[in-house]
Amino acid sequence: MSFPVLLLACALVCLALTAVGLVLGYVSERRASALGRTVFAVKLAPGQVAHEALGTALFQVVFVPVLALAFATGVLRFSQGWAAQLLGFAVPWYGFQAVYYWIHRAMHMKPLFWMHRWHHVSHVTTPMTGFSMHPVESLGWCMGMLGPAVALAQLGLLGAWGFGVFLAVFFVGNIAGHANAEIFPVRATRLSSILTSNPISYHSLHHARFDGHYGFGVASMDWLFGTEWKDWKAVHERVMDGRPLTRLGERVGE
């Protein structure tokens with residue numbers, strides 16, 4: 001494909017995934033809230049939704065050309081075989097967790113927080129919060145989302161279907177995962193939070209408390225490096241029991 005065609009194709013895919021994520025995120029959030037699983041019974045900041053919408057649009061402006069360029073230059077290229085398909089999902093998914101954890105911690109340091117400040121306007125999250133960020137921070141996300149896949153492609157082990165599933169799960173999961181409600185009815189365990197996914201309230205605490213829970217998706221890096229709050233499980237259980245937190249700095253069991 002020519003670069004303009006690649007650019008258009010990448011734009012259509014990313015916008016479609018974003019739209020699906022927003023619809024599922026808001027519908028699921030509303031349903032879970034109706035069932036009593038709201039995380040924070042706290043009002044959004046004035047102008048937050050408009051701020052998040054702009055940030056989400058700016059993320060697309062950065063990510064789509066980078067993705068298209070990766071395909072155009074051949075650094076992202078696909079291989080056949082079931083192993084490539086499995087690795088095409090697993091390596092980008094868990095690779096992002098490792099890469100982004102350190103990028104995220106660095107952005108919480110004073111010299112770099114100017115770029116991460118945009119994302120932290122959202123003390124109470126919404127599905128629109130997921131990709132709401134400063135354009136420079138978006139470049140870090142490009143590194144985390146595409147870097148492991150590029151490395152895998154150089155070894156001839158990146159499967160198209162596996163990578164496609166990764167992008168779909170990542171886009172939709174990141175958006176829905178910023179809902180202000182526990183949208184999944186199953187209660188999280190220590191093992192599930194490390195291997196499969198965090199409860200949504202886990203990341204909600206990062207936005208409310210600021211200086212912990214730097215990972216997203218799974219808790220493995222926070223668990224390994226001691227950046228978890230001890231009451232995250234108690235918070236999750238309280239939310240699942242229909243008792244939302246009423247203050248941003250509220251601790252459970254302390």
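Model, not experiment: these values are computed from the prediction.
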Exercise for the section: Drop me the distance from R37's CZ to M240's CE, to the nearest 0.5 angstrom. Expected result: 5.0 Å
Problem - Geometric class of the F166/W93 ring pair [parallel <30°, tilted 30-60°, perpendicular >60°] - result: perpendicular
Practice task
Decide yes or no for I194 and V218: does some side-chain heavy atom of the first lie under 4.5 Å from some side-chain heavy atom of the second?
Solution key: no
Problem - Closest non-hydrogen atom pair, F163 against A149 - result: CE1-CB, 3.6 Å
Exercise for the section: Quick one: do L6 and S2 satisfy side-chain contact (heavy atoms from CB on, under 4.5 Å)? Show the steps, please. Expected result: CA-CA 6 Å; L6 274 173; S2 65; over 6 Å; no
Problem - Flag for R30-Y26: side-chain donor and acceptor within less than 3.5 Å - result: no
Exercise for the section: For F170 and F216, run ring pair (Phe, Tyr, Trp, His ring centres under 6.0 Å): C-alpha distance rounded to whole Å, both residues' side-chain angles, the deciding distance at 0.1 Å, then the answer. Expected result: CA-CA 10 Å; F170 191 92; F216 186 78; 7.5 Å; no
Handout entry: Which atom of S204 lies closest to which atom of V39, heavy atoms considered
Key = CB-CG1, 3.8 Å
Problem - Short side-chain to backbone donor-acceptor contact, R238 and R243, under 3.5 Å - result: yes
Problem - Note: R190-E228 ion pair, threshold 4.0 Å (strictly below) - result: yes
Handout entry: Greater than 12 external heavy atoms within 6.0 Å of R187's CZ
Key = yes
Practice task
Using side-chain hydrogen bond (donor to acceptor under 3.5 Å, both in side chains) as the criterion, list what pairs up with H206, not counting sequence neighbours.
Solution key: H104, H108, H120
Handout entry: Aromatic centroids of H203 and H178 separated by under 6.0 Å
Key = yes
Practice task
State the CZ-CG distance between F184 and N198, to the nearest 0.5 angstrom.
Solution key: 11.5 Å
Practice task
Would you check if the side chain of Q85 reaches a backbone N or O of G162 as a donor-acceptor pair within less than 3.5 Å?
Solution key: yes
Exercise for the section: Say whether, by atom type as modelled, one donor and one acceptor occur between the side chain of Q154 and the main chain of V75 under 3.5 angstrom. Expected result: yes
Problem - Test item: S79 and L158 side chains (from C-beta on) under 4.5 Å apart, heavy atoms - result: no
Handout entry: Validation row: L69, F3 side chains within 4.5 angstrom (heavy atoms)
Key = yes
Practice task
Group every Ile, Leu, Val, Met, Phe, Trp and Tyr by side-chain heavy-atom contacts under 4.5 Å, then state whether V165 and V172 land in the same group.
Solution key: no
Handout entry: Check: N180 main-chain N/O paired with E29 side-chain donor or acceptor under 3.5 Å
Key = yes
Practice task
Hey, could you give me the CG/CZ distance between L24 and R31, rounded to the nearest 0.5 Å?
Solution key: 12.5 Å
Practice task
Taking atom CZ of F71 as the centre, report whether more than 12 heavy atoms of other residues, nucleotides or ligands fall under 6.0 Å from it.
Solution key: yes
Problem - Hydrophobic cluster identity match, L15 and L12, side-chain contacts under 4.5 Å - result: no
Problem - Proximity of F171 and F131 rings by center, below 6.0 Å - result: yes
Problem - Donor-acceptor pair, side chain of Q97 and main chain of Y94, under 3.5 angstrom - result: no
Problem - Exam field: side chain E182 to backbone S201, donor-acceptor pair closer than 3.5 Å - result: yes
Exercise for the section: Kindly state whether the ring of Y100 and the ring of W141 have centres lying under 6.0 angstrom apart. Expected result: yes
Practice task
Using the rule that two of Ile, Leu, Val, Met, Phe, Trp, Tyr join whenever any of their side-chain heavy atoms come within less than 4.5 Å, decide whether F89 and V99 are in one cluster.
Solution key: yes
Handout entry: Over 12 foreign heavy atoms within 6.0 Å of CH2, W102
Key = yes
Problem - F40 vs P244 side-chain heavy atoms within contact, under 4.5 Å - result: no
Practice task
Could you please spell out the steps behind the side-chain contact (heavy atoms from CB on, under 4.5 Å) verdict for F63 and L146?
Solution key: CA-CA 10 Å; F63 181 75; L146 302 180; 4.1 Å; yes
Practice task
Determine yes or no for a side-chain-to-main-chain donor-acceptor pair under 3.5 angstrom, with D231 supplying the side chain and V252 the backbone.
Solution key: yes
Handout entry: Student check: side-chain heavy atoms of F59 and V64 closer than 4.5 Å
Key = no
Handout entry: Test item: side-chain donor near acceptor, D222 and T227, under 3.5 Å
Key = yes
Exercise for the section: Taking the side chain as every heavy atom from C-beta outward, state whether H119 and H116 have any atom pair closer than 4.5 Å. Expected result: yes
Problem - Rounded distance [0.5 Å steps], CD1 in I183 versus CG in L35 - result: 12.0 Å
Exercise for the section: Please name the pair of heavy atoms, one in P92 and one in P148, separated by the smallest distance, quoted to 0.1 Å. Expected result: CA-CB, 4.0 Å
Handout entry: Salt-bridge present (E250, R209; N to O < 4.0 Å)
Key = no
Practice task
Decide yes or no on side-chain contact (heavy atoms from CB on, under 4.5 Å) for F225 and Y214, but give the supporting numbers first.
Solution key: CA-CA 10 Å; F225 293 99; Y214 299 105; over 6 Å; no
Completion exercise
To the nearest 0.5 Å, atom CD of Q48 lies from atom OG of S122 at 4.0 Å
Practice task
Could you check T246 against V42 for side-chain contact (heavy atoms from CB on, under 4.5 Å), going step by step and ending with a plain yes or no?
Solution key: CA-CA 6 Å; T246 57; V42 178; 5.7 Å; no
Handout entry: Common cluster, V150/L152, ILVMFWY with side-chain heavy-atom separation under 4.5 Å
Key = yes
Handout entry: N/O donor-acceptor pair under 3.5 Å between T126 side chain and M128 backbone
Key = yes
Handout entry: Backbone N/O of A188 and side chain of S192: donor-acceptor pair under 3.5 Å
Key = no
Exercise for the section: Could you check if a side-chain atom of V239 sits within less than 4.5 angstrom of a side-chain atom of T38, using non-hydrogen atoms only? Expected result: no
Exercise for the section: Could you tell me the separation between the CD atom of E52 and the CH2 atom of W118, rounded to the nearest 0.5 Å? Expected result: 11.0 Å
Exercise for the section: Flag the pair V124 / T129 as yes when at least one side-chain heavy-atom distance between them is below 4.5 Å, and no otherwise. Expected result: no
Practice task
Spell out, yes or no, whether V66 and L167 are grouped together once hydrophobic residues are joined by side-chain heavy atoms under 4.5 Å, including indirect joins.
Solution key: yes
Problem - Donor-acceptor contact present, side-chain R117 to main-chain W114, <3.5 Å - result: no
Problem - ring-ring contact (aromatic ring centres under 6.0 Å, His included) partner of Y202, the single match among H236, H213, H207 - result: H213
Exercise for the section: Please indicate whether R77 has more than 12 foreign heavy atoms, meaning atoms of other residues, nucleotides or ligands, lying under 6.0 Å from its CZ. Expected result: yes
Handout entry: Polar contact flag, side-chain donor to acceptor under 3.5 angstrom, S132-T56
Key = no
